[in-house]
Trainee: 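Structure incoming, see below.
The basis for the numbers below is simple: all heavy atoms, side chains too, and nothing from hydrogens, waters or symmetry mates.
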Amino acid sequence: MSVSLLSGCGVANVISPPFASAIYATTADAAGADSSVAIPAWVPADATFIRVKTDQTHGASILMFSPAATAPVFTGCDAASDPEVDQAQSTGALTNQLSETWWPQKLNDGVGVVCAGAWHLFGQDGKYYAWTP
């Protein structure tokens with residue numbers, strides 16, 4: 001009689017892509033983090049309560065942090081930078097797969113999306129949120 005054992009991780013990776021996530025109290029705590037859970041350089045040095053989750057198959061990420069005295073540096077987004085985004089309400093198609101309880105389901109009225117490199121960023125409900133397409 002033969003018995004096959006399936007590892008929980010192996011099965012999960014077949015069903016859905018592997019994800020990496022981390023929570024950091026401060027940007028200093030994130031220093032030296034593995035690239036799959038590293039925070040981007042534009043996150044202010046005095047940001048706190050930082051959460052990041054990455055889809056390791058597609059390279060897409062979501063990020064949240066509490067605002068600090070230093071505002072992040074951003075520019076207007078090129079509409080072609082994420083064609084799946086309806087910048088009036090949506091936060092991108094891949095964010096549905098990456099979704100977490102801390103990630104907003106949609107943008108509040110009047111909230112606009114700006115960019116910091118490949119990241120799309122918005123402030124809402126006292127936090128900053130960002131994603132890469």
Trainee: Can you list everything that forms a side chain to side chain donor-acceptor pair (under 3.5 Å) with T26? Sequence neighbours excluded, please.
Mentor: D29
Trainee: Keeping S61 on the side-chain end and T132 on the backbone end, is there a donor-acceptor pair under 3.5 Å?
Mentor: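 Not confirmed, S61 side chain does not pair with T132 backbone.
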Trainee: List in chain and number order the residues that pass side chain to side chain contact (heavy atoms under 4.5 Å, CB included) with S66, two or more places apart in sequence or in another chain; answer none if no residue qualifies.
Mentor: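 Checked S66 against side chain to side chain contact (heavy atoms under 4.5 Å, CB included); matches are T48, F49, K127.
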Trainee: Check L63 against W102 and note the closest heavy-atom contact, atom names and distance.
Mentor: C-CZ3, 3.9 Å
Trainee: Taking all atoms of both residues into account, what is the closest heavy-atom pair of T57 and D55, and its distance?
Mentor: N-OD1, 2.9 Å
Trainee: Would you compute the distance between atom CG of D125 and atom CG of N108 and round it to the nearest 0.5 angstrom?
Mentor: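 So the CG of D125 and the CG of N108 are separated by 4.5 Å.
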Trainee: Locate the shortest heavy-atom distance separating A130 from W119; write the atom from each residue and the value.
Mentor: CB-CE3, 3.6 Å
Trainee: With P44, which residues qualify under side chain to side chain contact (heavy atoms under 4.5 Å, CB included), at least two apart?
Mentor: D46, A47, F65, T70, P72
Trainee: Not counting sequence neighbours, which residues clear side chain to side chain contact (heavy atoms under 4.5 Å, CB included) with A20? List them please.
Mentor: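 Partners of A20 under the side chain to side chain contact (heavy atoms under 4.5 Å, CB included) test: S36, V37, Q56.
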Trainee: Taking the side chain from Q124 and the backbone from Y129, do they hold a donor-acceptor pair closer than 3.5 Å?
Mentor: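 Here the side-chain-to-backbone pair does not exist.
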Trainee: According to a 4.5 Å side-chain heavy-atom criterion applied to Ile, Leu, Val, Met, Phe, Trp and Tyr, with indirect links allowed, do I23 and W131 form part of one hydrophobic cluster?
Mentor: yes
Trainee: Is the backbone N or O of K53 less than 3.5 Å from a side-chain atom of S21, with the two atoms forming a donor-acceptor pair by type?
Mentor: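 No; zero donor-acceptor contacts below 3.5 Å.
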Trainee: Are V43 and Y128 side-chain neighbours, meaning at least one heavy-atom pair lies under 4.5 Å?
Mentor: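 Heavy-atom side-chain distance check fails, nothing below 4.5 Å.
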Trainee: Cluster question for you: counting only ILVMFWY and a side-chain heavy-atom cut-off of under 4.5 Å, with indirect links fine, are Y24 and W42 together?
Mentor: yes
Trainee: Compare all side-chain heavy atoms of F122 with those of F74 and state whether any distance is below 4.5 angstrom.
Mentor: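 A side-chain contact under 4.5 Å is absent here.
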